[in-house]
Amino acid sequence: MTAISQVAYDVVALDRPDAAPDAPSDAQPVAYARITLDAPRRRNALSLALLDELRAALDRAAHDDVRAVVLAASGSAFCSGADLTEALADGMSVSARRLAEVLRDLLALPKPVVARVHGPVRAGGIGLVAACDVAVSADQITYAFTEARLALAPAVISLAVLPRMTPRAASRTFLTGAPFTAAEAADWGLVTKAVPLDDLDAEVDAVLRGLAAGDPQGLAATKALLNADTLTRFDAQVDDVVDASARLFASEPARAAMEKLLAR
């Protein structure tokens, strides 16, 4: 039986950048890659298969002739976090490592990545948003670090999240697990801007037009400069947080909490 793809990949042409009104009329459109999490029935949970496909899509984007990447999702949610059914059955040793690799790929990709966040984001999904260079969020959605309520910790994703959020906001949201709004996420540095859902695509397009005005070499060098400190910290701590995540997921309190949640 052929496996159903959980990540879609498209190359999309963008109109000439409005940042260059004097561009010649025959200027070629600039392309960007659109990567879509496409497991809506599971609320785009971060299964090992989805993470593997996402890594492959990011690698493809790195080598395609595109100026930028948009990370989007299908269905009602952007991402619900770890696949808890899979975690209970198989543990998280491999998936925690793969999530870390995906986050690093996003941070190190030599092309800017723009998150288009249309629906709720939980736990590990917030790591994906944080690892993107620009994140545009619909303003009616919520975010939540639910790990502590499940006897877990946002260990792996902390490597991408903590450089973005203010320390006080991170403490409150990590420890309480309470949902917070897109406006709060923007105020705290987790997302770039929160806009009405009807304006989401227009805002993402505006960011893409700005990126399209940049030279590929300049964009790559600037992104490397912006993320250098984060990647240094990432590489120094990744083994410890991956091990910590795997241990927590395997613990009896966490397994009991996940089983209770899945039984609802």
Side-chain angles (χ1 to χ4, degrees), residues 33 35 46 48 51-52 54-63 66-71 79 81-82 92-115 117 121 123-136 143 145 147-148 152-175 185-192 207 210-211 214-249:
I35 298 174
L46 299 174
L48 183 58
L51 291 168
D52 282 341
L54 182 51
R55 281 208 84 194
L58 291 169
D59 181 69
R60 179 176 174 183
H63 294 92
V66 296
R67 193 66 51 88
V69 177
V70 172
L71 180 63
C79 180
M92 278 292 288
S93 296
V94 178
S95 291
R97 175 66 62 181
R98 195 71 81 249
L99 175 57
E101 291 168 345
V102 166
L103 297 180
R104 196 186 193 289
D105 288 347
L106 286 164
L107 290 164
L109 195 79
K111 297 168 185 180
V113 184
V114 181
V117 190
V121 195
I126 303 180
L128 299 182
V129 174
C132 293
D133 302 290
V134 178
V136 183
Y143 297 74
F145 296 100
E147 291 90 343
L152 303 168
V156 173
I157 65 170
S158 71
L159 298 179
V161 172
L162 292 180
R164 302 288 190 200
M165 292 187 78
T166 65
R168 288 298 188 187
S171 292
R172 175 180 174 181
T173 56
F174 278 23
L175 291 169
D187 288 343
W188 296 335
L190 180 62
V191 303
T192 308
V207 174
L211 295 173
D215 180 86
Q217 176 175 289
L219 292 173
T222 301
K223 175 169 178 173
L225 180 69
L226 289 166
N227 289 344
D229 290 344
T230 298
L231 284 168
T232 297
R233 177 176 176 270
F234 194 108
D235 292 340
Q237 299 184 13
V238 64
D239 289 341
D240 289 340
V241 296
V242 166
D243 290 345
S245 181
R247 287 196 304 273
L248 286 167
F249 269 94

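Only heavy atoms go into these numbers, but all of them, side chains included; no hydrogens, no water, no symmetry mates. Counting from 1, the numbers follow the sequence of the chain as shown. This one's a predicted model, so the numbers in the text were calculated from it and none came from an experiment.
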**Prompt:** Taking all atoms of both residues into account, what is the closest heavy-atom pair of Leu162 and Ala170, and its distance?
**Reply:** CD2-CB, 3.8 Å

**Non-hydrogen atoms of Thr230 and Pro163 that approach each other most closely** = OG1-CB, 3.6 Å

**Message:** I need the Leu51 CG to Arg55 CZ distance, nearest 0.5 Å.
**Reply:** 10.0 Å

**Request:** Using atom types as modelled and distance alone, determine if a side-chain donor or acceptor of Asn227 lies under 3.5 Å from a backbone N or O of Leu107.
**Result:** yes

**Item:** Residue pair Leu103 / Leu128, side-chain heavy-atom distance below 4.5 Å
**Value:** yes

**Prompt:** Okay, side chain of Ser245, backbone of Val242: is any donor-acceptor separation there less than 3.5 Å?
**Reply:** no

**Worked check of side chain to side chain contact (heavy atoms under 4.5 Å, CB included) between Met92 and Leu48** = CA-CA 9 Å; Met92 278 292 288; Leu48 183 58; over 6 Å; no

**Asked** Is there a side-chain contact between Asp105 and Leu54 (heavy atoms, below 4.5 Å)?
**Response** no

**Asked** How close do Leu159 and Gln237 get, heavy atom to heavy atom, and via which atoms?
**Response** CD2-OE1, 3.7 Å

**Prompt:** What pair of heavy atoms forms the shortest contact from Arg97 to Val238, and how long is it?
**Reply:** NH1-CG2, 4.1 Å

**Message:** Once rounded to the nearest 0.5 Å, what's the spacing between atom OG of Ser95 and atom CZ of Phe249?
**Reply:** 9.0 Å

**Item:** Side chain to side chain, Val191 and Val117, heavy atoms closer than 4.5 Å
**Value:** no

**Request:** Evaluate the side chain to side chain contact (heavy atoms under 4.5 Å, CB included) criterion for residues Leu248 and Glu147: first the C-alpha distance (whole Å), next the side-chain angles of each, then the deciding distance (0.1 Å), finally the verdict.
**Result:** CA-CA 10 Å; Leu248 286 167; Glu147 291 90 343; over 6 Å; no

**Request:** Evaluate the side-chain proximity of Asp133 to Leu226: yes if any heavy-atom separation is below 4.5 Å, no if none is.
**Result:** no

**Prompt:** Within the side chain of Arg98, is there an N or O that forms a donor-acceptor pair under 3.5 Å with the backbone of Asp52?
**Reply:** no

**Message:** Testing the basics here: between Ala160 and Gly127, what is the closest heavy-atom pair and its distance to 0.1 Å?
**Reply:** CB-O, 3.9 Å

**Message:** Are there over 12 heavy-atom neighbours, none belonging to Arg172, within less than 6.0 Å of that residue's CZ?
**Reply:** no

**Fill in**
In terms of heavy-atom contacts, Leu109 and Val113 come closest through CD2-CG2, 3.7 Å

**Request:** Output, in order, the C-alpha distance, side-chain angles, deciding distance and verdict of side chain to side chain contact (heavy atoms under 4.5 Å, CB included) for Cys79 and Leu46.
**Result:** CA-CA 8 Å; Cys79 180; Leu46 299 174; 3.6 Å; yes

**Message:** Tell me whether Thr192 contacts the main-chain N or O of Ala135 through its side chain, where contact means a donor paired with an acceptor under 3.5 Å.
**Reply:** yes

**Worked verdict on Tyr143 versus Thr173 for side chain to side chain contact (heavy atoms under 4.5 Å, CB included)** = CA-CA 9 Å; Tyr143 297 74; Thr173 56; over 6 Å; no

**Residue Asp229 excluded, over 12 heavy atoms near CG under 6.0 Å** = no

**Request:** Considering only NZ, NE, NH1 and NH2 on the basic side and carboxylate oxygens on the acidic side, decide whether Arg104 and Glu101 come within less than 4.0 Å.
**Result:** no

**Message:** Quick check: do Val134 and Pro112 have side-chain heavy atoms less than 4.5 Å from each other?
**Reply:** no

**Item:** Approximate separation, where rounding is to 0.5 Å, of Met165 CE and Ile126 CD1
**Value:** 8.0 Å

**Message:** For the backbone of Ala108 and the side chain of Lys223, can you confirm whether one donor and one acceptor N or O come within less than 3.5 Å of each other?
**Reply:** no

**Message:** Measuring only between side-chain heavy atoms, which start at C-beta, is Leu58 closer than 4.5 Å to Leu106?
**Reply:** yes

